[in-house]
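Numbers restart at 1 for each chain; the letters A, B, ... are given by sequence-line order, proteins then strands. Values in this document were obtained by computation on a predicted structure and should not be read as measured data.
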Amino acid sequence: MILDAKMPSGPVQDKWDKHRFDMKLINPANKRKFKVLVVGTGLGGAAAAASMAELGYQVEAFTYNDSPRRAHSIAAQGGINAAKNYQNDGDSVWRLFYDTVKGGDFRSREGNVYRLAMVSRNIIDQCVAQGVPFAREYGGLLANRSFGGAQVSRTFYARGQTGQQLLLGAYSALSKEVGGGRVKMHTRKEMMDIVNIDGVCRGIVTRDMVTGKIESHWGDAVVLATGGYGNVFFLSTNAQACNVTATYRAYKKGAAFANPCFTQIHPTCIPVSGDHQSKLTLMSESLRNDGRIWVPKKVGDNRSPELIPENERDYYLERKYPSFGNLSPRDISSRAAKEVCDEGRGVGATGYGVYLDFSTAIARVGQEMIAERYGNLFEMYERITGDNPYKTPMRIFPASHYTMGGLWVDYNLMTTVPGLHAIGEANFSDHGANRLGASALMQGLADGYFILPYTIGNYLAQAPLDKIDTNHAEFKKAEDEASAKINKIMSLKGKRTSTSFHRELGLLMWDKVGMGRNESGIKEALSKIPQIREEFWSNLTVPGSGAELNVSLERALRTADFLEFAELLAWDALERDESCGAHYREEHIHPDGEAKRDDTNFAHVAAWEYQGENIKPVRHQEQLEFENVHLAVRSYK
Amino acid sequence: MKLKLNIWRQKNAKTDGKMTSYQLNHVEEDMSFLEMLDILNEDLILKGDDPVAFDHDCREGICGACSMTINGTPHGPEKETTTCQLHMRKFKDGQTINIEPFRAKAFPVIKDLVVDRNAFDRIMQKGGYISVRTGQAQDANNIPISKKNADLAMDAAACIGCGACVAACPNGAAMLFVSAKVNQFALLPQGQIERKERVIGMVNQMEAEGFGACTNHFECEAACPKSISVKFIAKLNTEYLKATLTKNSF
């Protein structure tokens, strides 16, 4: 396998312009001869499907939800970054580029990140034109807030529902195209596999989640916009249905999977309350603009927070990172929280929580202003915990949130399988080893609106695409494989539910390959994952049949892939024998506890190539060059 | 706490359904309503029975997927709260809870508590957008919008498309849903160009889907988890009337 990033030559600021000029075009009348399949209709998928349909391609889009508007992009709260410099505070494309490369701890491609920073400005323009009601100042112009890992205010927001508003913008653009007959929308259909013909991706196989029918769909190119794999930890801030199946199936059919161990733990989530817990709820990072994080100075101090005097509180982020304070990047804030809890200074019933306190901000700007900024988040917190955060500090703890790893893609967002593209969280491209806040919305929309619609044309213009249909033997083979897998699951008739296996796997992964990792822990996970998998395939029970709406079958199919993928994640975590960004190997830390990178041996992307069942995959490397942002120890002090 | 659940069970769209009773003996008050149903489903699966199918996804009150009617109220008893955000501390030990799908002519049942809400998507396809192709936009700050109008547009845009308004309405009307999108765009300068076509297209599709008309019961606002105001319905009526009267004038 050769990893050619196809990075255009020349200075970083000219690469995208040069590439756009060099790319082959397809004349408008010919575009309608090509059909593109888009799997997933979140920010990336909906934006890409709508934009490609506008250009004239035939597009078919697929979602396992009942409507494209349900995709989990909708849950992003805080905002979207863009280098507009509307606040006149020194922002620029170059600074957003620099912040993102540094925030990613030097494990992303400079060329990709620069392009992302460039098109960030177009995204805001596009979304405002679509009628996205971003927050405004009294003069009628756009408002901004600041976010972790940046010292400028470049985050645009719509109350605490920015993801919702941006997704509904993309959904409305998609609805326009569906209504006009230019996109064929498939709801409640889950992708089971991709189909390659002569080494080129030419379609997918889906399961109709209402009738159970296995169906084939052909295309001239396939785009996976299927999100991340954070649910490998079982408890995460992801939606219940988020899964790794689409990207993992692609991996098994030849697409390299890059940096699977780069998983982000978000510092501000509501702590676990019991074994019944099905998900963890995020409290937007934007809260850290006004909330101060603290724990008691004394170990075992279990007084209620208002009884702990100021001089007995440890505002540990402000103490350790005075220049970024409560706005330190996510990985650093998460580990600092874990550290104080491991010292026995955590708060709440489980001892795994820290306070996020708004009393200083309420005294400074008034409760009304705080309510305007975060009202819906405060209400959500109260609904879940029964506590009122205007009166008593929130309790928060880190949780699995976002995955920087994903399918390896080149500068054109194409995987190592010709014709198969991956966008948004499903690819690995822009965030390196750690994603900064308000950058996921930016990347999903950048890929969907402004990058893929160009680069896919370049592929289609040159690809040798024979005329095919779904009667091709490869489609039948993939359909048979999907049916056989379902039949096998239905025939097991064991004694455990798929949820119990998923929970067991998740706890193991969180414990051994979660926020902090070490060699022996990872090796322990690697020895236990196959055991869980083996039991799954002998002792699983799924009632009903495959030919109907069967929620436990859906879960079982997703869990089956997590049980294989978890091993890949652990291999990657083991072999990346350094700490960087969110990948924190306890053997490699600076004396002050910060992640210690090993640029001599690991300034590269690790891309894994599937070799077959129960065979260790091959790890390939794409070397990263830093010509503009110089490799340095990431410091937020 | 112990609870008795009466749940609507229906195998598929073609068969009749009926209420079935279940007893749950170990419900904790920190559980969400859906986590309570997860526990029931785990028990059912282990007994070899079909688990209760219900739509859900984000479990943080924003995707709009969860859709059941609890003791006669869509999303249950707590105001401004989706089912996934409803917690068991709002119920009493020994209580009986009736759980049904959202009921409306335009929302046919698919299975158990799962209904087909694609009618909302089809309404959106008839004008719930501003026609701007990718790349056509001007600089965002070239369109100043008063904070008041931006905030009002956001109030309307907060709709999560769950359909509780329809399920709560004695007429099965979708006017709160339609009014939210129509008003969001009517309040913004970007929405002016297609203002008339939008309201006419969306209202016509709403009627074609079999949704009823508004007769001012205001049950929709009471059931709405995002407290979308019925004032938007009044404004929708004005918008529709103005548009139909003036669509051919220039």
Trainee: Taking side chain as everything from C-beta outward and backbone as N, CA, C, O, which of these in A:Y86 sits under 4.5 Å from a heavy atom of chain B? Side chain, backbone, both or neither.
Mentor: side chain
Trainee: Does any heavy atom of chain B fall under 4.5 Å from the side chain of A:E554, the backbone, both, or neither of them?
Mentor: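 For A:E554, no heavy atom lies under 4.5 Å from chain B.
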Trainee: Checking A:H72 against chain B: side chain, backbone, both or neither under 4.5 Å from a heavy atom?
Mentor: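 Only the side chain of A:H72 comes within 4.5 Å of chain B.
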Trainee: In terms of heavy-atom proximity below 4.5 Å to chain B, should A:T187 be classed as side chain, backbone, both, or neither?
Mentor: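 Side chain of A:T187 only, per the 4.5 Å heavy-atom cut-off to chain B.
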Trainee: Can you list the residues that meet the ring pair (Phe, Tyr, Trp, His ring centres under 6.0 Å) rule with B:Y22, with sequence neighbours excluded?
Mentor: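 In terms of ring pair (Phe, Tyr, Trp, His ring centres under 6.0 Å), with neighbours along the sequence ignored, B:Y22 is linked to no residue.
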Trainee: Looking at every heavy atom in both A:A158 and B:M154, which two are closest together, and how far apart are they?
Mentor: CB-SD, 4.0 Å
Trainee: For B:H56, is there any backbone N or O sitting under 3.5 Å from a side-chain donor or acceptor partner on A:Q240?
Mentor: no
Trainee: Check the side chains of A:T281 and B:E60 for a donor-acceptor pair under 3.5 angstrom, ignoring hydrogens and angles.
Mentor: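 No.
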Trainee: Under 4.5 Å, counting heavy-atom pairs only, tell me which of B:T81, B:N12, B:D38 racks up the most with chain A.
Mentor: B:T81
Trainee: Does any backbone or side-chain atom of A:K495 lie under 4.5 Å from a heavy atom of chain B? Answer side chain, backbone, both or neither.
Mentor: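 For A:K495, the contact with chain B is made by the backbone alone.
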Trainee: Keeping B:K126 on the side-chain end and A:G179 on the backbone end, is there a donor-acceptor pair under 3.5 Å?
Mentor: no
Trainee: Locate the shortest heavy-atom distance separating B:D30 from A:S273; write the atom from each residue and the value.
Mentor: CB-OG, 3.8 Å
Trainee: Measuring heavy-atom distances to chain B, does A:Q165 have an atom under 4.5 Å in its side chain, in its backbone, in both, or in neither?
Mentor: side chain
Trainee: Please look at A:R496 and chain B and tell me whether the side chain, the backbone, both or neither of the residue comes under 4.5 angstrom of a heavy atom of that chain.
Mentor: backbone
Trainee: Taking side chain as everything from C-beta outward and backbone as N, CA, C, O, which of these in A:N65 sits under 4.5 Å from a heavy atom of chain B? Side chain, backbone, both or neither.
Mentor: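 The side chain, not the backbone.
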Trainee: I'd like to verify something: which residue of B:D49, B:I130, B:D112 has the highest number of heavy-atom pairs under 4.5 Å with chain A?
Mentor: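 Among B:D49, B:I130, B:D112, the one with the most close pairs to chain A is B:I130.
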Trainee: Counting heavy-atom pairs closer than 4.5 Å to chain A, which one of B:A157, B:G127, B:A153, B:A65 comes out on top?
Mentor: B:A157
Trainee: Quick one: closest heavy-atom pair of B:A140 and A:L142, and the distance?
Mentor: CB-CD1, 3.5 Å
Trainee: Highest number of heavy-atom pairs under 4.5 Å with chain A: which of B:I145, B:D151, B:L188?
Mentor: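 Between B:I145, B:D151, B:L188, the count favours B:I145.
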Trainee: Would you mind listing every salt bridge (Lys or Arg N to Asp or Glu O under 4.0 Å) that reaches into residues 166-179 of chain A, with sequence neighbours excluded?
Mentor: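 Those involving residues 166-179 of chain A are A:E54-A:K176, A:E177-A:R182.
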Trainee: Decide whether B:D57 and A:Y64 meet the rule of one side-chain donor and one side-chain acceptor closer than 3.5 Å.
Mentor: no
Trainee: Give a yes or no answer on whether the side chain of A:Q126 reaches the backbone of B:G135 with a donor-acceptor pair at less than 3.5 Å.
Mentor: yes
Trainee: Mark yes or no for whether B:N118, through its side chain, and A:D66, through its backbone, hold a donor-acceptor pair below 3.5 Å.
Mentor: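 Pair found, side chain donor or acceptor close to backbone of A:D66.
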Trainee: Return the CG to CG distance between A:L141 and B:N142, rounded to the nearest 0.5 Å.
Mentor: 9.5 Å
Trainee: Counting only non-hydrogen atoms closer than 4.5 Å, does A:T385 touch chain B with its backbone (N, CA, C, O), its side chain (CB onward), both, or neither?
Mentor: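 Only the backbone of A:T385 comes within 4.5 Å of chain B.
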Trainee: Mark yes or no for whether A:R383, through its side chain, and B:L86, through its backbone, hold a donor-acceptor pair below 3.5 Å.
Mentor: no
Trainee: Checking A:N122 against chain B: side chain, backbone, both or neither under 4.5 Å from a heavy atom?
Mentor: neither
Trainee: What part of B:E28 lies closer than 4.5 angstrom to a heavy atom of chain A: side chain, backbone, both or neither?
Mentor: side chain
Trainee: Is B:I39 close to chain A through its backbone or its side chain, or both, or neither, when contacts mean heavy atoms under 4.5 Å?
Mentor: side chain
Trainee: Distance-only, no hydrogens or angles: does the B:R59 side chain make a donor-acceptor pair with backbone N or O of A:N238 under 3.5 Å?
Mentor: no
Trainee: With a 4.5 angstrom heavy-atom cut-off, could you sort out which part of A:L168 is near chain B: side chain, backbone, both or neither?
Mentor: side chain
Trainee: Locate the shortest heavy-atom distance separating A:A75 from B:I62; write the atom from each residue and the value.
Mentor: CA-CG2, 3.7 Å
Trainee: Determine whether B:Y129 and A:L174 make a side-chain contact, defined as any pair of heavy atoms from C-beta on separated by less than 4.5 Å.
Mentor: no
Trainee: Counting only non-hydrogen atoms closer than 4.5 Å, does B:L34 touch chain A with its backbone (N, CA, C, O), its side chain (CB onward), both, or neither?
Mentor: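 Answer is neither: B:L34 stays 4.5 Å or more from chain A.
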Trainee: Please check this pair: side chain of B:Q125 against backbone of A:V178, looking for a donor-acceptor N/O pair closer than 3.5 Å.
Mentor: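 Side chain of B:Q125 to backbone of A:V178: no pair is present.
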Trainee: Name the region of A:K493, side chain, backbone, both or neither, that has any atom closer than 4.5 Å to a heavy atom of chain B.
Mentor: neither
Trainee: Just give me the residue among B:R89, B:R122, B:R117, B:Q184 that pairs up with chain A most often, heavy atom to heavy atom, under 4.5 Å.
Mentor: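 Highest number of pairs under 4.5 Å: B:R89.
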Trainee: Mind listing the closest non-hydrogen atom pair of B:P144 and A:R136 along with its distance?
Mentor: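 Between these two residues, the closest heavy atoms are CA-NH1, 4.2 Å.
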Trainee: Quick check on A:Q164 against chain B: is it the side chain, the backbone, both or neither that has a heavy atom closer than 4.5 Å?
Mentor: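 Answer is side chain: those atoms of A:Q164 sit under 4.5 Å from chain B.
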